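The structure presented is a predicted model; accordingly, all values stated were derived computationally and were not measured. Ligands are counted one by one from 1 in listed order, and the atoms in each one are counted from 1 as well.
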Amino acid sequence: MSIDTRKLQAYRASLLHFHADPAFSENAHAWHADGLLVVDADGRVAAAGEYAALAPTLAPGTPVHDWSGKIIVPGFIDTHLHFPQTDMIASPAPGLLPWLETYTFPTEGKFADPVHARAVAEFFLDELLRNGTTTAAVYCTVHKESVDAFFEASAARNLRMAAGKVLMDRHCPDFLRDSADMRDSEELIRRWHKRGRAMYAITPRFAPTSTEAQLAATGELARAWPDTYIQTHVSENKDECTWVGELFPQRRSYLQVYEHYGLMRPRALFGHCIWLDDADFALLADTGSAIAHCPTSNLFLGSGLFDMASADEAKALLSLGTDVGAGTSFSMLQTMNEAYKVARLKGSYLPALRMFYLATLGAARSMRLEGTIGNFAAGAEADFIVLDPQATPLLARRTAQSDTLEETLFALALLGDDRAIRATYAAGRLVHEREGMLA
Ligand code: GUN
Ligand code: ZN
């Protein structure tokens with residue numbers, strides 16, 4: 001192996017990452033109990049493997065940061081959440097539609113003010129980093145100022161983030177209503193898409209808040225910009241599904257509304273996907289669209305239980321989202337915890353290794369970013385986190401009893417949260433560090 005030795009940084013710890021989906025492949029993960037992650041001067045992975053094998057290849061004087069006793073994994077990827085909803089997380093309401101009307105729309109109205117938008121974006125991104133999330137697919141509001149504020153704050157931290165302006169032109173308050181005119185979105189795409197690590201996401205909120213004219217214009221925009229993302233909600237809540245049936249009676253299913261307007265394709269991310277049938281799951285798979293399963297949100301709003309077995313049966317791309325502010329935690333560990341329980345309630349079993357896959361490489365594949373983020377392939381961007389199995393007294397006691405990697409990861413997922421994220425690195429740079437319990 002030849003490594004360019006200019007200004008390398010190395011990190012010693014246990015290493016875990018994936019090159020396949022453990023639900024479908026044996027030996028899908030790489031595990032190095034005493035591992036080394038080597039990062040080059042451009043913030044990319046130079047090598048990942050056994051400490052004993054890689055340490056002798058380092059030039060004398062190469063810094064080796066010692067995280068022994070910790071586990072380095074790729075940064076988490078959250079494929080569905082709303083930055084403007086940060087301040088309204090944990091707002092009580094009996095279900096999705098009253099929650100949107102009572103809290104969400106008034107809260108999002110405040111983002112016409114760029115000063116407010118910037119302040120929330122800064123807090124939101126720091127909160128993601130505290131929770132070990134280095135990439136996310138993020139909804140802004142209808143205000144283009146909210147998108148500028150988000151991407152400016154993201155660029156200042158050099159983060160790989162997808163985000164976009166929400167599109168809605170009916171069934172919403174006047175102060176949030178836009179139109180079928182896509183010029184704002186187009187301007188934002190030209191300004192931000194692929195600028196540094198930014199990626200634009202065309203963001204129709206959900207079918208009920210768009211006229212057919214707006215959905216058609218959105219589909220045309222998506223066709224004109226095939227390497228942007230598309231993100232929206234689908235089949236989250238039964239009342240919502242009934243409403244969509246009334247608004248679009250000519251479509252067989254809610255999902256087919258999006259298909260009809262050209263909004264199903266690679267890089268299309270669909271939040272929730274609860275009330276789908278097998279034909280819908282097949283449509284997701286056939287179009288290369290991806291599912292963002294958001295268990296904390298679905299339990300909080302009482303939306304329903306996602307059917308992972310049917311998604312897997314169809315081989316649809318699958319990932320996890322927090323869906324903050326309907327989601328109740330920024331932590332992908334807590335999101336895994338709830339995903340595990342939802343799977344159990346649906347009669348499935350979700351191993352911890354699969355949960356970590358879904359939060360890393362599974363999400364990167366859903367976003368068509370394999371090779372860029374999501375694992376430690378040589379040349380990938382070095383977004384990684386340091387997990388602390390001793391972060392709390394209880395975690396320390398439980399993980400001391402673990403006989404297997406699966407048990408340790410399971411304890412981290414079930415008992416862990418932001419306290420288990422000892423450090424977060426974006427493109428090789430430390431962007432968050434917390435004190436250890438016994439520091
Ligand atoms: N459906 C339409 N808008 C939203 C939203 O902001 N949050 C959730 N969870 N579902 C939605
Ligand atoms: Zn959402």
Side-chain angles (χ1 to χ4, degrees), residues 78-111 120 124 128 133 136-143 146 150 162-173 176-178 201-210 214-215 218 229-244 247-248 254-255 257-258 263 268-276 290-306 319-330 335 338 342:
D78 179 344
T79 58
H80 184 116
L81 81 171
H82 303 250
F83 101 80
Q85 297 175 12
T86 302
D87 291 347
M88 52 163 286
I89 191 170
S91 290
L96 172 67
L97 301 177
W99 176 85
L100 284 173
E101 280 197 17
T102 312
Y103 293 102
T104 312
F105 292 154
T107 301
E108 293 194 6
K110 296 181 192 163
F111 287 73
V120 178
F124 170 89
L128 284 184
T133 298
V138 179
Y139 289 60
C140 301
T141 65
V142 290
H143 315 97
S146 72
F150 179 82
K165 174 191 133 55
V166 162
L167 297 160
M168 53 179 162
D169 67 345
R170 66 167 164 171
H171 300 135
C172 60
L176 288 178
R177 184 167 302 145
D178 66 348
I202 297 170
T203 309
R205 174 169 222 117
F206 67 157
T209 47
S210 287
Q214 187 179 59
L215 288 170
T218 303
Y229 292 96
I230 298 167
Q231 58 183 351
T232 191
H233 301 84
V234 71
S235 292
E236 175 178 5
N237 166 289
K238 278 189 167 168
D239 294 339
E240 168 208 12
C241 293
T242 303
W243 194 20
V244 170
L247 292 171
F248 301 91
Y254 186 167
L255 194 62
V257 174
Y258 297 126
L263 295 168
L269 306 171
F270 290 93
H272 307 295
C273 298
I274 294 171
W275 304 101
L276 301 185
I291 298 167
H293 168 34
C294 304
T296 75
S297 165
N298 299 159
L299 294 173
F300 172 69
L301 289 174
S303 302
L305 302 174
F306 174 69
S319 60
L320 298 175
T322 60
D323 194 27
V324 163
T328 51
S329 173
F330 277 80
T335 303
E338 302 298 279
V342 168

(message) Can you confirm whether or not the ring centre of F124 sits under 6.0 Å from the ring centre of F330?
(response) yes

(message) Between the side chains of D178 and K165, is the shortest nitrogen-to-carboxylate-oxygen separation below 4.0 Å, so that they form an ion pair?
(response) yes

(request) Determine whether the side chains of N298 and E338 contain a donor N or O and an acceptor N or O closer than 3.5 Å. (result) no

(request) Below 4.0 angstrom from a heavy atom of A326, which ligand 1 atoms are there? Numbered from 1 as shown, please. (result) 9 (N)

(message) Closer than 2.8 Å to the Zn ion (ligand 2), what protein N/O/S atoms do you find?
(response) H80 NE2, H82 NE2, H233 NE2, D323 OD1

(message) Nearest 0.5 Å, please: how far is CZ in F300 from OG in S91?
(response) 6.5 Å

(message) For L100, which part has a heavy atom under 4.0 Å from ligand 1: side chain, backbone, both, or neither?
(response) side chain

(request) Enumerate the residue pairs fulfilling side-chain hydrogen bond (donor to acceptor under 3.5 Å, both in side chains) with a member in residues 98-109, sequence neighbours excluded, ordered by first and then second residue. (result) Q85-E108, E108-R205

(request) Specify side chain, backbone, both or neither for H82, according to which of its non-hydrogen atoms lie closer than 4.0 Å to ligand 1. (result) side chain

(request) Any atoms of ligand 1 less than 4.0 Å from a non-hydrogen atom of L96? List them with their elements. (result) 8 (C), 10 (N), 11 (C)

(request) Working to the nearest 0.5 Å, report the span between CG of L96 and SG of C241. (result) 10.0 Å

(request) Please confirm whether Q85 comes under 4.0 Å of ligand 1, counting heavy atoms of the residue only. (result) yes

(message) Would you say the ring centers of F270 and Y254 fall short of 6.0 Å from each other?
(response) no

(request) Could you grab the distance from atom CD of E236 to atom CH2 of W275, nearest 0.5 Å is fine? (result) 11.5 Å

(request) Please write down residue, atom name and distance for the protein heavy atom closest to atom 3 (N) of ligand 1. (result) R205 NE, 2.8 Å

(request) Can you sort out which atoms of ligand 1 are near H272, meaning under 4.0 Å from one of its heavy atoms? (result) 9 (N)

(request) Give the ring-plane orientation class for Y139 versus H80, where under 30° counts as parallel, over 60° as perpendicular and anything between as tilted. (result) tilted

(message) Could you tell me, atom by atom, which parts of ligand 1 come under 4.0 Å of a heavy atom of E236?
(response) 1 (N), 8 (C), 9 (N), 10 (N), 11 (C)

(message) Can you tell me how far apart OG1 (T242) and CG (L247) are? Round to the nearest 0.5 Å.
(response) 11.0 Å

(request) Around atom 7 (N) of ligand 1, find the nearest protein heavy atom and jot down its residue, atom name and distance. (result) W99 CZ3, 3.4 Å

(request) Assess whether side-chain contact (heavy atoms from CB on, under 4.5 Å) is satisfied between L81 and D323, documenting all intermediate values. (result) CA-CA 4 Å; L81 81 171; D323 194 27; 5.6 Å; no

(request) Could you pull out, from V166, T107, N298, D323, the option with a heavy atom nearest to atom 9 (N) of ligand 1? (result) D323

